[in-house]
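Have a look at the structure below before the remarks.
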2 protein chains.
Amino acid sequence: MRSHYCGQLNESLVDQQVTLCGWVHRRRDHGGVIFLDLRDRDGIAQVVVDPDTAQAFATADRARNEYVLRIQGRVRLRPEGTENPNMPTGMIEVLAKDVEVLNSAATPPFQLDEHGKVGEEVRLKHRYIDLRRPEMIEKLRLRSRISHQVRAFLEKEGFLDIETPILTRATPEGARDYLVPSRTYPGSFFALPQSPQLFKQLLMVSGFDRYYQIAKCFRDEDLRADRQPEFTQIDIEASFIDEDAIMGITEAMIRNLFQDVLDINLPEFPRMPYAEAMSRFGSDKPDLRIPLELTDIDDLMKDVDFKVFSGPANAEDGRVAALKVPGGAKLSRKEIDEYTKFVGIYGARGLAWIKVNERAKGLEGLQSPIVKFMEGVIEELLDRVEAKDGDIIFFGADKTRIVDEALGALRVKLGADLDLYTQAWAPLWVVDFPMFEPDDKGGLTPLHHPFTAPSCDIDTLKADPAKALSRAYDMVLNGTELGGGSIRIHDQAMQREVFEVLGIGEAEAQEKFGFLLDALKFGAPPHGGLAFGLDRLVMLMTGANTIREVIAFPKTQSAACLMTDAPGEASAEQLKELNIRLRQKAKPEAGGE
Amino acid sequence: MRSHYCGQLNESLVDQQVTLCGWVHRRRDHGGVIFLDLRDRDGIAQVVVDPDTAQAFATADRARNEYVLRIQGRVRLRPEGTENPNMPTGMIEVLAKDVEVLNSAATPPFQLDEHGKVGEEVRLKHRYIDLRRPEMIEKLRLRSRISHQVRAFLEKEGFLDIETPILTRATPEGARDYLVPSRTYPGSFFALPQSPQLFKQLLMVSGFDRYYQIAKCFRDEDLRADRQPEFTQIDIEASFIDEDAIMGITEAMIRNLFQDVLDINLPEFPRMPYAEAMSRFGSDKPDLRIPLELTDIDDLMKDVDFKVFSGPANAEDGRVAALKVPGGAKLSRKEIDEYTKFVGIYGARGLAWIKVNERAKGLEGLQSPIVKFMEGVIEELLDRVEAKDGDIIFFGADKTRIVDEALGALRVKLGADLDLYTQAWAPLWVVDFPMFEPDDKGGLTPLHHPFTAPSCDIDTLKADPAKALSRAYDMVLNGTELGGGSIRIHDQAMQREVFEVLGIGEAEAQEKFGFLLDALKFGAPPHGGLAFGLDRLVMLMTGANTIREVIAFPKTQSAACLMTDAPGEASAEQLKELNIRLRQKAKPEAGGE
């Protein structure tokens, strides 16, 4: 029905007849002539309808915004002085010979160019309108391209695309499952997978050697700022490989992707042990675009006459750290108060600081509420953080976890607020994670999942499990975890030992992952893998502000779809067939917000 | 960890050192030497371990079937006379220098080469073992390749891969939905999609122009022979196209696929109206490899003195048809009895027949229990079906639906039993479907779905809806429906008229598909699409016997996964969070069969 997409028109087509199909993006009458901006997924073209072509003119005259038209006409250069260099098609226009209305359109609930003034709820309710915005089309088009490039790369590397079930059994990620009542087994439930983890390991046991899947995963969690109940994972697993091999392949995949899709040559990915990342950046996903670092000063603060500092400095699980911000002395009292409030979110009970106005003047040159307690150590402190005139030094002193989180977050916020970025893209691998972390009950819980292999042997693990490191790795880009994975345990004795450390009895292990444990008995190869969050990757690559901008039909924070009104009511008959009843009736506002 | 896959070894590598990783497929001792067949996903290589290499020999000596080994050695030609031309690697072997056990294996529940003797239940329970069979690996590898080629083709044609939600609202396909209780909206439920139908139409309204997705779909039906509760669809939709365009693109896609993956050049796809398919083959998915056809003989049978024939011949909804089988006179009485039983499955109350032993002899030359009733019309009948000596003619006389189904199925069965196939692949398009079919209550129900566009205008539709044809099309290959679709209604007045014909009131339409109807108001383009059943396509292309052979982790007929034991029990706490309780307790056998 068309000869070209609107966005494809350019000077090379001048004097050619073209047929376009699309939507009226804007219509104006000017000097007795009608100008239509016709929009399709590739762009916008200006169509001129002259009263000379009477029928075309009459049709164009009744066209309104978002009408669907088919236009036949001739491409010509725009008259001198009327070119629009901001539009890819801005040098030309189409003189219409024929205008056909393919469909009319009621006045949309909001105009595309006014979306900024319209609340997200209205836009989600009429998602099909909001998706018409060229930015939205562009983001989803890029998403399609990213998926395609990822597949092409993995295909070339010999990975097989294998689908795993959606109706399955609870998986070991530990988040809350979505359940699906079974009709054929009354009282039983499927779980939607939190990841294909167990299945991909089974595929390795079967000998598929290299597996990938762009897989839907599900978690019924209370949604934090930017999560979705269903999300998409680039899921990868391979056999007879070690961490260098799998990190090498997936790093190449991401580098290729950035090259192909964004024409960006990512720098090499440094590898950083978890302990170093926490110590220097207070985060296991440090944003290395920001040239700020945490500096340990426990040793200096052990004996100061300031309990807020000396307490954590002497406590085994405490930390005192400094964060120097070059040029930060210009921050106002109000700004510092804001940052103090900000670190409070992470549990910090205050935010001590020193402004270095003129180091040469000694204490006189410093401005700070707390410097008086530090007289004996101040010079060593300033030397250690390499303080210069005009800097500010922030302090964190608390339990290590709180200091890391508060100063880590502050570092990222300062980087953004003060625009300290030294580079556009800063990728890295974080490695050498601990196998376990303490849980609430004084026991240990896996930092990843219980199939992650330790980097030590079984005796070392047994001797001091809390110190054991794992063969896990996370890929981090600009402070976002793009993906993570590990070499898995393929040895039964090791798997038993890990379960023992975790206090998982044989019966519980059998109940939860029996089929995987069985499978490991029958000749499991050494294997490992990785999963990338596709939504987050696309978000980073498109510069989107929320994950909802890169998902065609996203859900709200309360896991509802405002467009389809899902979830909705089920009939009594349906519930009976599924052998369930409601504890309380559906609330009338269900499905909305 | 390896230099080559086992299956990659050949004469070109003779005298080279190689490293292989894989499973012990078979082990034999022969003349003091150990022979190991080492298996990986690419094939099997013979490894020879000589007692001279003492350590390798000792290791190989304790290796059992399905042990995971790493072998280093030198490729050499097999001694003359011991080559195995049936194996791709049968000309060479690897003389091991080093043998390393990467993992041991308990004796598997069944040996791979004995799978034929093992029930499917056992194999499904230990699916990770069954998947080790080279045939299974090959089928899933081909599936991966098929998905990849489909994507590559559609990508090249400008289709965008867009993901649609899994947690959504009931869709209009009309089968039973899988429901997912919502925790955040107590008493409300998501439905898993039976297809992305509504979403893909919305994407057209948004202007994405060309969409595709390899999408998981779900139907909670009592599973017939070869269905799965979750299945995979190649889902396609495009705007500003007509049926010729979309049929052209998708036909090219399938032809390319067969060419690329199987090196098969499919013939051109003829187009056959639905009415013709039913009349000539008794089926809307005729297997054109079989050169048998139904012949209408109502006119001849109107006045015969045999009510079984004259009744249906005179009834408005009746049909009398003949099916001539060349050379079929050799069928035994017992075989004919079997076929009579067979058509009984489809509701036929008998199977009349005439054997044409010697046409020249007139009635004498015919053998039949019914020919006596046909004296006056027999010559015209024999002429019409072009009967020759040695043929058999079967008859169907009943309601049209029963005759079509019974003789249609008999035709296919005879084709297989007597191996009548004239070609390996016989594709076609079936077109011109009726818009509606009668439902149980004397009304009309859509043959496809209520968004399918009619091929007539609104007034003609209104005048005689039962006669209206649709703009739907099915692609059929070897008697299997590979896919189907239609041009959709994009005009609101037409959509309202179709709902009226279907007796769907405005309130009901709004409740069920309100968001789609809303969307159609705001400038919907002309659009249409198609969906292919990927599982079935792969089944045909791999020559698999059941759909379960081309799905990595399939479910049983009662929708259970024997390996993971899904569905399983949910805890009281989980149910409470989801605001549901059980009507009756889970049965202990849940999850098994």
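Chain A is the first sequence line, chain B the second, and so forth, proteins listed ahead of strands; every chain is numbered from 1. All of these numbers come straight from a predicted model, not from anything done at the bench.
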Identify which part of [X] has an atom lying under 4.5 Å from any heavy atom of chain A, answering side chain, backbone, both or neither.
X	value
B/Tyr67	neither
B/Lys125	neither
B/Arg141	both
B/Asp42	neither
B/Glu155	side chain
B/Ile162	side chain

Requested in this report: Using the six-membered ring wherever Trp is involved, compare the ring planes of B/His126 and A/Phe522 and label them parallel, tilted or perpendicular (cut-offs 30° and 60°).
Outcome: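 B/His126 and A/Phe522: perpendicular rings.
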Query raised in the report: Aromatic rings B/Phe240 and A/Trp23: how do their planes relate, parallel, tilted or perpendicular, breaks at 30° and 60°?
Result: perpendicular
Query raised in the report: So, B/Asp222 and A/Arg183, do they make that salt bridge, N to O below 4.0 Å?
Result: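 The answer is yes: the pair qualifies as a salt bridge.
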Report task. Quickly, which of A/Arg2, A/Arg39, A/Arg132 forms a salt bridge (Lys or Arg N to Asp or Glu O under 4.0 Å) with B/Asp209? Name it, please. Result ->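 Exactly one option meets the salt bridge (Lys or Arg N to Asp or Glu O under 4.0 Å) with B/Asp209, and it is A/Arg2.
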Requested in this report: Answer with yes or no whether the side chains of B/Glu569 and A/Ser188 bring together a donor and an acceptor at under 3.5 Å.
Outcome: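 Distance-only check fails for A/Ser188 and B/Glu569.
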Query raised in the report: What are the two closest non-hydrogen atoms of A/Ser206 and B/Arg127, and how far apart are they?
Result: OG-O, 4.4 Å
Query raised in the report: Does the A/Thr184 side chain pair with the main chain of B/Ser558, one donor and one acceptor, at a distance under 3.5 Å?
Result: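 Looks like yes, one N/O pair under 3.5 Å.
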Report task. Could you tell me whether a side-chain N or O of A/Ser144 sits under 3.5 Å from a main-chain N or O of B/Leu160, the two making a donor and an acceptor? Result ->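 No, because the side chain of A/Ser144 does not come within donor-acceptor range (under 3.5 Å) of the backbone of B/Leu160.
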